[in-house]
Amino acid sequence: MTTTEPDRSELERQFEDTIGRDQRIEPRDWMPDGYRSTLVRQIAQHAHSEIIGMQPEANWITRAPSLRRKAILLAKVQDEAGHGLYLYSATESLGADRSELTGKLISGKQKYSSIFNYPTLTFADVGVIGWLVDGAAICNQVPLCRCSYGPYARAMIRICKEESFHQRQGYELLMTMMHGTQGQRRMVQEATDRWWWPSLMMFGPPDADSPNTAQSMAWKIKRHTNDELRQRFVDMTVPQAEALGVTLPDPHLRWNAERGRYDFGEIDWTEFTAVIKGNGPCNAQRVAQRRRAHEEGSWVREAAAAHAEKQRALRQVRPGEGAA
Ligand SMILES: [Fe+2]
Ligand SMILES: [Fe+2]
């Protein structure tokens with residue numbers, strides 16, 4: 001083994017080759033430390049966002065206006081828990097420790113998407129989150145199905161299918177409300193006004209202020225820049241807003257025939273920075289709730305560990321029986 005082990009430059013060449021051929025890097029493959037740590041950071045942040053993202057909408061489960069709406073919302077929030085679990089598993093395939101990552105989330109050392117620090121004030125927010133927030137997530141995540149890291153790319157395929165259900169349920173809810181009373185239409189417009197700009201911020205800082213993008217694109221973790229994805233989202237959403245009959249709260253939004261795309265106004269990056277730094281309307285509440293849930297779940301983790309220990313002891317007493 002010592003004499004046949006390829007040297008580092010050979011390993012690097014193989015890694016670059018695999019990326020160059022658009023093939024996948026798998027957990028057993030050699031990879032540069034920076035590639036591994038970038039992926040762990042990105043996937044962990046993604047997993048945290050799925051789990052924290054359950055909170056704003058879970059706020060409405062007990063008050064959903066019908067059994068049908070409650071069942072849909074429950075299924076959606078449960079999907080987000082599943083997304084978090086696939087993604088934590090993907091980080092474990094890179095050698096990360098899930099409990100450590102949870103520790104970083106609840107101590108504020110690791111971030112999650114800034115969008116989940118805004119409150120859900122009315123039931124129309126459930127629809128607008130599905131339409132805009134899940135819609136933005138789809139724009140971000142569809143290209144990740146082609147990410148160079150195999151386990152992440154494969155997790156994203158299923159996640160994207162479920163996200164498209166989330167987006168449609170949101171849009172269908174809003175369409176129903178827009179065909180309802182004057183008051184319901186007002187609720188939809190008001191929720192759209194509050195969520196539009198934070199949704200555009202979900203794509204991250206402008207390209208000029210996103211120093212890691214170039215390396216992530218070279219490694220084919222990321223396939224498009226933040227600004228490209230944001231533009232794609234705007235172009236996709238404007239006709240949907242028109243069909244719905246709501247106004248997007250941006251006086252500068254207009255079709256640019258020369259570019260063949262929509263122009264839109266300046267994003268308030270000071271708000272984005274404040275929310276990222278922990279000063280959004282719900283940051284403290286979201287993290288406190290996650291910490292409480294983690295503490296309340298400690299008996300489940302202890303019971304599972306005790307059960308595993310018991311099984312191991314049993315296998316030692318009866319070797320061969322039930323041993324994997
Ligand atoms: Fe999700
Ligand atoms: Fe979703």
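Numbering of ligands and ligand atoms starts at 1, following listing order.
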Requested in this report: Could you tell me whether any N, O or S atom belonging to D79 is less than 2.8 Å from the Fe ion (ligand 1)?
Outcome: no
Query raised in the report: What is the name of the N/O/S atom in D134 that sits closest to the Fe ion (ligand 2)?
Result: OD1
Query raised in the report: So which N/O/S atom does H83 have closest to the Fe ion (ligand 1)?
Result: ND1
Requested in this report: Could you tell me whether D263 and R254 make a salt bridge, using a distance below 4.0 angstrom between a side-chain N and a carboxylate O?
Outcome: no
Report summary line: Here the N/O/S atom of E163 closest to the Fe ion (ligand 2) would be OE1
Query raised in the report: Does any N, O or S atom of E80, backbone or side chain, fall under 2.8 Å from the Fe ion (ligand 2)?
Result: yes
Requested in this report: Using a strict cut-off of less than 4.0 Å between a Lys/Arg side-chain nitrogen and an Asp/Glu carboxylate oxygen, indicate whether R158 and E162 qualify as a salt bridge.
Outcome: yes
Report summary line: For E50, the N, O or S atom at the shortest distance from the Fe ion (ligand 1) is OE1
Requested in this report: State whether E228 and R232 are salt-bridged, where the test is any N-O pair (Lys NZ or Arg NE/NH1/NH2 against Asp/Glu carboxylate O) under 4.0 Å.
Outcome: no
Query raised in the report: Do any of the N, O or S atoms of H166 sit under 2.8 Å from the Fe ion (ligand 2)?
Result: yes
Query raised in the report: Do H46 and Y152 have side-chain N/O donor and acceptor atoms under 3.5 Å apart?
Result: yes
Query raised in the report: Taking 4.0 angstrom as the limit, do R24 and D29 come out as a salt bridge?
Result: no
Query raised in the report: Do NZ/NE/NH1/NH2 and the carboxylate oxygens of E172 and R69 come within less than 4.0 Å?
Result: yes
